[in-house]
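Each chain gets a letter, A, B and so on, in the order the sequences are listed, and its residues count up from 1.
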There are 2 protein chains.
Amino acid sequence: MAEDGTLTRVTHTDVREPTCELREILDRVGDKWSMLVLHLLAAGPRRYSELHRAIDGISPRMLTLTLRSLERDGLVSRSVTPTSPPRVDYTLTAVGETLQPPVHALIEWAQVHRDYVSKSREHYDIAERGGQAL
Amino acid sequence: MAEDGTLTRVTHTDVREPTCELREILDRVGDKWSMLVLHLLAAGPRRYSELHRAIDGISPRMLTLTLRSLERDGLVSRSVTPTSPPRVDYTLTAVGETLQPPVHALIEWAQVHRDYVSKSREHYDIAERGGQAL
DNA sequence: CGGCATCCTTTTTGATACTG
DNA sequence: CAGTATCAAAAAGGATGCCG
């Protein structure tokens, strides 16, 4: 995510293939939790604690960072209700909703091909080496 | 990519939401280069050096790791032609091809919404703090 | 050419404790 | 409840050099 600054990596003007743009989105959606959060929010607004419980392995820190990042990119909106115990709801923005189809496509792919991938891994690990998991 | 081994993260059997599966695919496709390689291979087989040049910022190490990982998962196949200078071609497998639609969907989303995301970030950084990029 | 091994730096993520 | 701050571990990535 270090756009420029120290290294400017010349950019070769060789952008026949959208490598740069691709990297940007992959960085956006390819972190450990973003897609998961996006997916959960697809079902409607959720509170911070709901997300926290739903995701199970996430630390408050990462949940907050993920949500802030999504908010910064305009994909999620945060609304605070200053009641006695504060209440914060996160909702997909209109643009955030448009990310649903791609996200969903990926999730479906995963469900359909999970077994295949597992088998492939086993086969590869047994065959090529002695179990030298890459 | 460290599947299991030391940590086994208990799995809580709380899989109402497909968090676990999702994490698996995201890890598969969400690294820095996999999708990029997958995308390039969509246009047909490529040699190692072609991929290396096409991707531009990748180190030989990462290209190899990425390709091995994709091969291990059965998404890419590697064929060696033992000519004078050895020649190695990488091709999408049938299942690798099925990953194209989701990948493509994501790429398109990115192209369409890049400006929106940029604007959102600027706005967020200027407004919320004093430029405290998350 | 293709690619592994080694060493090192940068980024990411996690655990925890504490606050409005 | 909804975070933030701090500390530390772990992963990912990069630079090199050597080899078949």
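- Side-chain nitrogen and oxygen atoms of Arg78(A) include none within less than 4.0 Å of the OP1 or OP2 phosphate oxygen of dA2(D).
- A straight line from CG of Leu67(A) to P of dG3(D) spans 7 Å, rounded to a whole angstrom.
- A donor atom on one side chain and an acceptor atom on the other are found under 3.5 Å apart for Ser34(B) and Asp31(B).
- The distance from atom CG of Leu63(A) to atom C1' of dT16(C) is 16 Å, rounded to the nearest whole Å.
- Taking only side-chain atoms of Trp33(B), from C-beta outward, the nucleotide of dG14(D), dA2(D), dG2(C) with the closest atom is dG14(D).
- At a cut-off of 3.5 Å, with distance as the only test, no side-chain donor of Arg78(B) or Thr91(B) sits close to an acceptor on the other residue.
- Both tests hold for Arg23(A) against Trp33(B): distance to the six-membered ring centre under 6.0 Å, angle to the ring axis within 45°.
- Contact check, Ser49(A) against dA2(D): a side-chain N or O comes under 4.0 Å of OP1 or OP2.
- Rounding to whole angstrom units, CG of residue Leu65(B) and P of dA15(D) are separated by 14 Å.
- Between dG3(D) and Tyr90(A), a contact under 4.0 Å exists linking OP1 or OP2 to a side-chain N or O.
- For the OP1/OP2 pair of dA5(C) and a distance below 4.0 Å, the side-chain nitrogens and oxygens of Arg61(B) include no atom meeting the criterion.
- In summary, Arg46(B) and Asp89(B) do not engage in a salt bridge, as defined by a charged side-chain N under 4.0 Å from a carboxylate O.
- Per the geometry, CG belonging to Leu36(B) stands 12 Å off P belonging to dG13(D), to the nearest Å.
- Rounded to an integer number of Å, the gap from Asp89(A) CG to dC1(D) P is 14 Å.
- Side-chain nitrogen and oxygen atoms of Arg47(A) include at least one within less than 4.0 Å of the OP1 or OP2 phosphate oxygen of dA2(D).
- Taking for each of Met62(A) and Pro86(A) the nucleotide of DNA chain C with the nearest heavy atom, the 5'-most of the two is the partner of Met62(A).
- Whole-Å rounding puts the Arg28(B) CZ to dA11(D) C1' distance at 15 Å.
- Between Asp125(A) and Arg72(B), at least one side-chain nitrogen of the basic residue sits less than 4.0 Å from a carboxylate oxygen of the acidic one, meeting the salt-bridge criterion.
- Remark: C1' of dG3(D) and CD of Glu50(A) are 16 Å apart, rounded to the nearest angstrom.
- Contact check, Thr64(A) against dA2(D): no side-chain N or O comes under 4.0 Å of OP1 or OP2.
- As a whole-Å value, the separation of Ile55(A) CD1 from dG3(D) C1' is 15 Å.
- Proximity of Lys32(B) to the phosphate of dT11(C): no side-chain N or O atom is located under 4.0 Å from OP1 or OP2.
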